[in-house]
Amino acid sequence: MEDNKLLWTDCIDNQGYYIIYDLNTSEIKKYKSEFRYPGYARLSNNKIYSINFHDFSSWRTNELGVYDLSTGKYTRIKSEHINGFNVYKDTVCVKSNEDLLEIYKNENGEIHQVKNLTEISRIDSISFSHKGDLIVGRDALTPDSNAEIYLLDIKYIIKD
């Protein structure tokens with residue numbers, strides 16, 4: 001939750017929406033999505049990041065994008081299907097369909113990939129600490145192996 005705002009998505013009369021409820025003012029705002037089925041939305045820096053589906057019955061029809069609440073502009077981040085994502089401020093971490101980590105930056109409304117982290121494979125989860133450290137987890141492959149959690153300094157990872 002960002003700025004005491006709850007975000008969810010819905011399809012109403014065949015139109016996709018991002019809906020934000022402000023806990024401070026009790027105000028609800030609806031924003032039309034370019035997609036009929038937006039989902040898994042996250043609010044960060046006055047932008048809505050979401051996985052958008054062309055067909056709600058198929059995970060493989062998704063597209064990751066960002067809707068800027070200030071400008072009303074939608075920008076595609078990745079048109080290939082992904083297995084998940086998370087965002088902190090303007091850094092977007094994506095779990096690719098190969099379960100690898102891809103890192104994108106949103107700078108001045110332009111999205112660009114800054115890193116493809118191949119050192120960690122078989123990613124199961126992506127999250128961020130309250131300070132912005134990247135937390136990557138992966139489950140054990142066999143009953144005899146251990147699950148792993150990585151805590152990564154995102155500033156160090158994406159530096160040139």
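Bear in mind the structure is a predicted one, so any value in this text is a computation, not a measurement. Both backbone and side-chain heavy atoms feed into the values below; hydrogens, waters and symmetry mates do not.
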Does Phe85 form a side-chain contact (heavy atoms from CB on, under 4.5 Å) with Arg42? I'd like the steps, not just the answer. CA-CA 9 Å; Phe85 80 100; Arg42 298 190 179 274; 4.0 Å; yes
Exercise: identify the closest heavy-atom pair between [X] and [Y]:
X     : Y      : value
Cys93 : Leu134 : SG-CD1, 3.8 Å
Thr9  : Gly39  : OG1-CA, 3.7 Å
Ser79 : Arg76  : CB-CD, 3.4 Å
Thr75 : Gly109 : OG1-O, 4.1 Å

Examine [X] and [Y] and state if one hydrophobic cluster contains both, with Ile, Leu, Val, Met, Phe, Trp and Tyr joined whenever side-chain heavy atoms are less than 4.5 Å apart.
X      : Y      : answer
Ile12  : Tyr21  : yes
Tyr150 : Ile123 : yes
Ile157 : Leu151 : no

Distance (rounded to the nearest 0.5 Å) between [X] [atom1] and [Y] [atom2]:
X      : Y      : atom1 : atom2 : answer
Glu63  : His54  : CD    : NE2   : 5.0 Å
Ile20  : Lys5   : CD1   : NZ    : 6.5 Å
Ser125 : Ile135 : OG    : CD1   : 8.5 Å
Leu7   : Leu43  : CG    : CG    : 6.0 Å
Ser121 : Leu101 : OG    : CG    : 11.0 Å
Arg138 : Ile120 : CZ    : CD1   : 7.5 Å

Check: [X]/[Y] side-chain N/O donor and acceptor closer than 3.5 Å:
X     : Y      : value
Tyr88 : Asp133 : no
Tyr18 : Ser50  : yes
Asn52 : Tyr74  : yes
Asn86 : Ser127 : no

Is it true that a side-chain atom of [X] and a backbone atom of [Y] form a donor plus acceptor pair closer than 3.5 Å?
X      : Y      : result
Lys47  : Asn45  : yes
Glu34  : Gly16  : no
Asn106 : Val92  : no
Asp153 : Lys155 : yes

Are Val136 and Leu152 close enough, and set up right, to give a side-chain contact (heavy atoms from CB on, under 4.5 Å), and what steps lead you there? CA-CA 8 Å; Val136 177; Leu152 307 167; 4.2 Å; yes
Worked check of side-chain hydrogen bond (donor to acceptor under 3.5 Å, both in side chains) between Asn24 and Asn4: CA-CA 7 Å; Asn24 296 327; Asn4 274 340; 3.2 Å; yes
Considering only heavy atoms from C-beta outward, does the side chain of [X] approach that of [Y] to under 4.5 Å?
X     : Y      : result
Tyr17 : Tyr31  : no
Lys78 : Glu102 : yes
Leu69 : Ile48  : yes

Does atom [atom1] of [X] have more than 12 heavy-atom neighbours, drawn from other residues, nucleotides or ligands, at distances under 6.0 Å?
X      : atom1 : result
Glu98  : CD    : yes
Ile149 : CD1   : no
Arg122 : CZ    : yes

Please identify which of these residues, Asp90, Val94, Val114, meets the side chain to side chain contact (heavy atoms under 4.5 Å, CB included) condition with Tyr104.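 So, applying the side chain to side chain contact (heavy atoms under 4.5 Å, CB included) to Tyr104 and each of Asp90, Val94, Val114, only Val94 qualifies.
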Sort out for me which residue in Gln113, Lys115, His112 forms a side chain to side chain contact (heavy atoms under 4.5 Å, CB included) with Lys105.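 For Lys105, the side chain to side chain contact (heavy atoms under 4.5 Å, CB included) check succeeds only for His112.
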Stepwise side-chain contact (heavy atoms from CB on, under 4.5 Å) test for Leu100 and Leu117: CA-CA 7 Å; Leu100 296 173; Leu117 194 65; over 6 Å; no
May I have the step-by-step check of side-chain contact (heavy atoms from CB on, under 4.5 Å) for Asn83 and Asp99, ending in yes or no? CA-CA 7 Å; Asn83 290 329; Asp99 293 332; 2.9 Å; yes
